[in-house]
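Reading through the structure tokens given below for one structure.
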Amino acid sequence: MHLFNTLTRHVEPFEPLEPGVVKMYACGVTVYDYSHVGHARNYIAWDTLRRYLLWRGYRVKYVQNFTDIDDKIIRRSHQENVPWNVITETYIQAYLDDMDRLNIRRADVYPKATEVVPQIVQFIQSLIDRGYAYESGGDVYYAVEKFPTYGKLSGRKLDQMEAGASGRVDEEAVKKHHPLDFALWKAAKPGEPEWESPWGQGRPGWHIECSVMVREELGDSIDIHTGGQDLIFPHHENEIAQSEAALAKPLSRFWLHNGFVNISGEKMSKSLGNFTTIRQMLESGFDPMVLRLFVLQAQYRKPIDFTDEAIASAQNAWDTLRDGLRFGQKHGKALGYTDIENASFGDPAAMRISTDSDAVLRFQAAMDDDLNTPVALSVLFELAKELQKEGNRLTHDGKTLAEPGTLREQWQTLVVLAEVLGLTAQPAAEAATAGLRDADIEALVQQRAEAKKAKNWAEGDRIRDELKAQGITLIDKPGGITEWIRS
RNA sequence: GGCGGCAUAGCCAAGUGGUAAGGCAGAGGUCUGCAAAACCUCCACCCCCAGUUCGAGUCUGGGUGCCGCCUCCA
């Protein structure tokens with residue numbers, strides 16, 4: 001498999017450091033607000049990568065942090081007059097709830113910055129000891145000039161950035177030796193949460209927590225480190241500077257970054273205020289899989305535009321895919337599948353599919369190519385449309401063109417591959433027609449037949465519409481026969 | 001100002017040298033009292049200009065437009 005590595009700006013063959021085992025770290029959210037569609041894209045992308053690695057037979061250790069101490073959390077705490085750790089607990093739970101709904105698998109570990117403060121202090125001390133960091137007025141800063149390859153990830157050079165940076169004025173500037181030096185430790189101000197350190201009471205800076213948590217959970221060097229493109233600089237650049245200065249080993253072999261979700265061509269972001277939260281969207285009635293499909297229809301590095309039209313398109317596309325995914329449950333009985341009552345029927349984990357079919361090979365080729373999910377999805381759509389067509393043939397003509405066994409293999413292939421992309425169809429709801437018994441329906445169909453016989457088209461149409469409203473579709477067939485199906 | 005990305009049908013989106021995947025939307029047909037459902041069929045020469053090549057969305061150079069990062073941000 002090949003992945004685009006931001007570090008080299010090339011698509012490269014992926015091989016883990018330790019054969020068969022992938023160590024992955026995904027930069028998590030700062031928990032002071034609800035997650036928006038941009039976050040959804042990010043975590044859907046890496047969840048999909050993780051699922052694909054598992055499908056490829058790797059063992060994956062997936063770690064994702066929560067930044068639970070930070071200026072914005074403190075500000076929010078003051079604004080709402082709520083303890084900072086209540087804020088963070090609230091939004092951690094909200095984050096997990098949102099991601100669960102999007103079928104994003106839980107990380108193996110969710111370390112929090114505040115749980116590793118002693119290790120952070122130790123790490124900072126070692127950077128000071130090695131000459132990469134200095135204390136200044138209760139803060140500790142990283143000296144970027146001491147790290148010769150600073151800028152290697154983002155493709156920048158210190159002297160080029162100085163011009164842009166020189167215009168900035170902030171209170172930290174006077175404490176820094178170089179404008180791009182960044183805080184490893186911040187002295188506490190009155191009323192702020194604080195921890196002990198050799199440099200006085202304070203709290204960790206943003207970047208250092210990731211360097212420490214990666215090491216604590218996964219070791220000195222890992223295989224894949226992920227985040228949004230906005231983390232390339234300065235966050236990931238700084239992580240590299242910290243970890244590699246302290247440990248003298250590459251922090252991560254691969255650096256992966258996803259493209260943004262845009263609104264009207266502009267990046268969706270909290271600072272611009274142009275965001276839709278995941279729960280806003282789901283509460284308006286969308287199946288979470290619509291959002292997942294919307295995200296996967298573009299390759300993860302490309303920007304995507306979040307528009308009503310795009311979501312409507314994804315909604316319709318999902319309806320098609322979902323029909324295909326439910327093929328077995330819907331038609332299994334008619335096709336003579338004998339195990340439909342088994343608990344494992346329809347469960348992708350229990351399915352054994354041929355792994356050298358054209359569909360699987362094309363799916364893999366696409367995913368191997370830097371997670372080309374649009375092409376992978378095209379394979380799923382071809383399967384789903386064929387199944388939909390055959391299902392309709394069965395419903396309308398009573399028979400299919402392909403053999404039941406062939407259809408079963410196609411259906412299972414679809415279900416298994418969709419599961420690799422995290423696309424799962426919930427069982428069809430039955431509530432809509434619960435109040436209407438077959439006999440009632442038959443009676444109405446008969447009434448309509450008589451109305452039609454009398455050429456009372458208005459009455460006939462009225463009955464048809466009435467049934468339609470209850471989820472019953474009528475199918476007029478040659479010879480005056482009318483069949484009906486629950487849709 | 002520095003660095004980087006993108007430009008393919010009405011919309012979305014693959015395709016990186018050999019005559020354009022897939023999704024959404026749409027059109028025509030069969031059927032039909034009209035519909036619905038279903039089935040069949042159709043729907044792009046790839047931002048502009050100049051090159052390289054037998055042959056270029058696909059490579060090179062130039063242009064135009066849009067976006068991102070350089071400050072917290074997935």
Side-chain angles (χ1 to χ4, degrees), chain A residues 6 9 26-30 32-33 35-46 67 70-72 75 151 154-157 159-165 167-168 170 180 206 226-235 237 257-262 265-272 275 293-294 296-299 301-305 307-321 362 366 369 372-382 384-385 388-389 391-393 395-397 452 455-458 460-461 464-465 467-468 473-478 483-485 487:
Chain A
T6 304
R9 313 234 168 218
C27 272
V29 284
T30 301
Y32 70 100
D33 203 349
S35 301
H36 58 62
V37 175
H39 298 114
R41 181 189 200 184
N42 181 292
Y43 298 109
I44 287 169
W46 313 130
T67 298
D70 149 273
D71 289 346
K72 290 188 293 296
R75 194 186 317 139
S154 53
R156 297 152 203 259
K157 293 191 171 69
D159 51 351
Q160 290 172 334
M161 288 188 286
E162 255 184 289
R168 265 184 279 126
D170 62 51
L180 284 166
W206 175 34
T226 69
Q229 278 175 355
D230 48 1
L231 295 191
I232 296 172
F233 189 89
H235 185 55
E237 196 70 73
H257 297 94
N258 66 283
F260 297 127
V261 174
N262 293 335
E266 282 192 317
K267 173 187 175 185
M268 176 183 288
S269 74
K270 291 187 177 174
S271 45
L272 288 174
F275 59 90
L293 186 57
F294 164 70
L296 293 174
Q297 279 187 306
Q299 204 267 351
R301 287 191 284 126
K302 297 288 182 73
I304 51 177
D305 222 36
T307 62
D308 291 344
E309 194 177 12
I311 292 302
S313 171
Q315 171 76 64
N316 289 333
W318 171 242
D319 287 346
T320 298
L321 219 43
R362 284 196 294 141
D369 180 18
N372 193 336
T373 52
V375 169
L377 278 171
S378 76
V379 175
L380 302 199
F381 276 106
E382 285 172 24
K385 289 225 160 175
Q388 195 178 42
K389 197 175 288 187
N392 286 327
R393 285 197 180 106
T395 302
H396 291 264
D397 298 338
K452 284 177 68 179
K455 297 202 187 296
N456 185 353
W457 309 125
D461 291 349
R464 191 185 59 211
D465 292 343
L467 284 167
K468 184 75 183 175
T473 300
L474 298 184
I475 304 162
D476 289 337
K477 296 199 158 186
E483 293 186 352
W484 57 269
I485 53 172
S487 47

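Order of the sequence lines sets the chain letters (A, B, ...), proteins ahead of strands, with each chain counted from 1. Note that the structure is predicted; figures quoted are calculated from it, not measured. Hydrogens, waters and symmetry mates play no part in the numbers below; they use all other heavy atoms, side chains included.
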With syn defined as a glycosidic angle within 90 degrees of 0 and anti as anything else, the base of B/rG57 is syn
Is it the case that the side chain of A/Thr373 and the backbone of A/Leu296 share a donor-acceptor pair, with hydrogens and angles ignored and the cut-off at 3.5 Å? yes
Rounded to the nearest angstrom, tell me the gap between atom CD1 in A/Ile232 and atom C1' in B/rC72. 16 Å
Whole Å only: how far is the CZ atom of A/Arg156 from the P atom of B/rG1? 17 Å
When we call it a touch if two heavy atoms are under 4.0 Å apart, what does A/Val261 touch: a base, just sugar-phosphate, or nothing? base
Please give, in whole Å, the distance from B/rG22 P to A/Leu377 CG? 13 Å
Expressed in angstrom and rounded to an integer, what is the separation of A/Glu382 atom CD from B/rG22 atom P? 6 Å
Checking the side chain of A/Ser313 only, and the main-chain atoms of A/Glu309 only, is there a donor and an acceptor separated by less than 3.5 Å? no
Round to a whole Å and report the spacing from CG of A/Asp159 to P of B/rC3. 11 Å
Is A/Thr320 touching bases, backbone alone, or none of the nucleic acid, heavy atoms closer than 4.0 Å? sugar-phosphate
Answer yes when A/Asp33 and A/Lys72 have at least one side-chain N-carboxylate O distance shorter than 4.0 Å, and no when they do not. no
Partner nucleotide, any strand, of B/rC59 [Watson-Crick/G-U, under 3.5 Å]: B/rG51
To the nearest 0.5 angstrom, please state how far the NE2 atom of A/His36 sits from the CE atom of A/Met268. 6.5 Å
P atoms of B/rG18 and B/rG55, separation to the nearest Å: 15 Å
Sticking with atom P, work out how far B/rC24 lies from B/rC46, rounded to a whole angstrom. 26 Å
Determine the interatomic distance between P on B/rA50 and the same-named atom on B/rA20; round to the nearest Å. 23 Å
For A/Phe381 and B/rG23, are the ring centres under 5.5 Å apart with planes inclined under 30°? no
Any donor-acceptor pair under 3.5 Å linking the side chain of A/Asn392 with the backbone of A/Gln388? yes
Please state the P separation for the pair B/rG10 and B/rU30 - nearest whole angstrom. 28 Å
For residues A/Trp457 and A/Asp461, is any side-chain donor paired with an opposing acceptor at under 3.5 Å? no
Sub-3.5 Å donor-acceptor pair from the side chain of A/Arg301 to the main-chain atoms of A/His257, do we have one? no
Nucleotide B/rG4, atom P - distance to CG of A/Asn258 in whole Å: 21 Å
Please measure how far the P atom in B/rG22 lies from the corresponding atom in B/rG15, and state the result in whole Å. 15 Å
Please check: side-chain N/O of A/Arg41 versus main-chain N/O of A/Phe260, any donor-acceptor pairing under 3.5 Å? yes
In the structure shown, which nucleotide is the Watson-Crick or G-U wobble counterpart of B/rA20, with both distances under 3.5 Å? none
Please determine whether a side-chain nitrogen or oxygen atom of A/Lys267 lies at a distance below 4.0 Å from atom OP1 or OP2 of B/rC69. yes
Are the side chain of A/Asp305 and the backbone N or O of A/Thr307 linked by a donor-acceptor pair below 3.5 Å? no
Whole-Å P distance, B/rC47 and B/rC12: 14 Å
Below 3.5 Å is the cut-off: list the nitrogen or oxygen pairs between protein and nucleotides 36-40 of chain B, distance only.
unit_1: B/rA37; atom_1: O2'; unit_2: A/His396; atom_2: NE2; d: 3.0
unit_1: B/rC40; atom_1: OP2; unit_2: A/Lys389; atom_2: NZ; d: 3.4

Select base, sugar-phosphate, or nothing to describe what A/Tyr43 touches, counting heavy atoms under 4.0 Å on all strands. sugar-phosphate
For A/Gly460, report the nucleic acid contact type (base, sugar-phosphate, nothing); a contact means any heavy atom under 4.0 Å. nothing
Pick the C1' atom in B/rU8 and in B/rA56, then give their distance to the nearest Å. 14 Å
Taking for each residue the nucleotide of RNA chain B bearing the nearest heavy atom, is the 5' side occupied by A/Arg9 or by A/Asp461? A/Arg9
Base-pairing assignment for B/rA74 (Watson-Crick or G-U wobble, both under 3.5 Å): none
Write down the distance between NE2 (A/His235) and P (B/rC70), rounded to a whole number of angstrom. 13 Å
What distance, rounded to whole Å, do you find between the two C1' atoms, one in B/rC43 and one in B/rA25? 11 Å
Under a 3.5 Å limit on both distances, the Watson-Crick or wobble mate of B/rG68 is B/rC3
Between the CZ atom in A/Phe294 and the CD atom in A/Gln315, the distance rounded to the nearest 0.5 Å is 13.0 Å
Rounded interatomic separation in angstrom, taking CH2 from A/Trp46 and P from B/rA74: 14 Å
Short question: side chain of A/Glu237, backbone of A/Gly151 - any donor-acceptor pair under 3.5 Å? yes
Output a table of nitrogen or oxygen pairs between the protein and nucleotides 6-14 of chain B separated by less than 3.5 Å.
unit_1: B/rC11; atom_1: O2'; unit_2: A/Glu309; atom_2: OE1; d: 3.4
unit_1: B/rA14; atom_1: OP1; unit_2: A/Gln299; atom_2: N; d: 3.0
unit_1: B/rA14; atom_1: O3'; unit_2: A/Asn372; atom_2: ND2; d: 3.0

Does B/rC45 have a Watson-Crick or wobble partner in any strand here, with both distances under 3.5 angstrom, and which is it? none
Between B/rC69, B/rG22, B/rA74, spot the one nearest the side chain of A/Phe233, thanks. B/rC69
N-O pairing of A/Asp159 and A/Lys157 below 4.0 Å: no
How would you label the contact of A/Gly38 with the nucleic acid (heavy atoms, under 4.0 Å): base, sugar-phosphate, or nothing? base
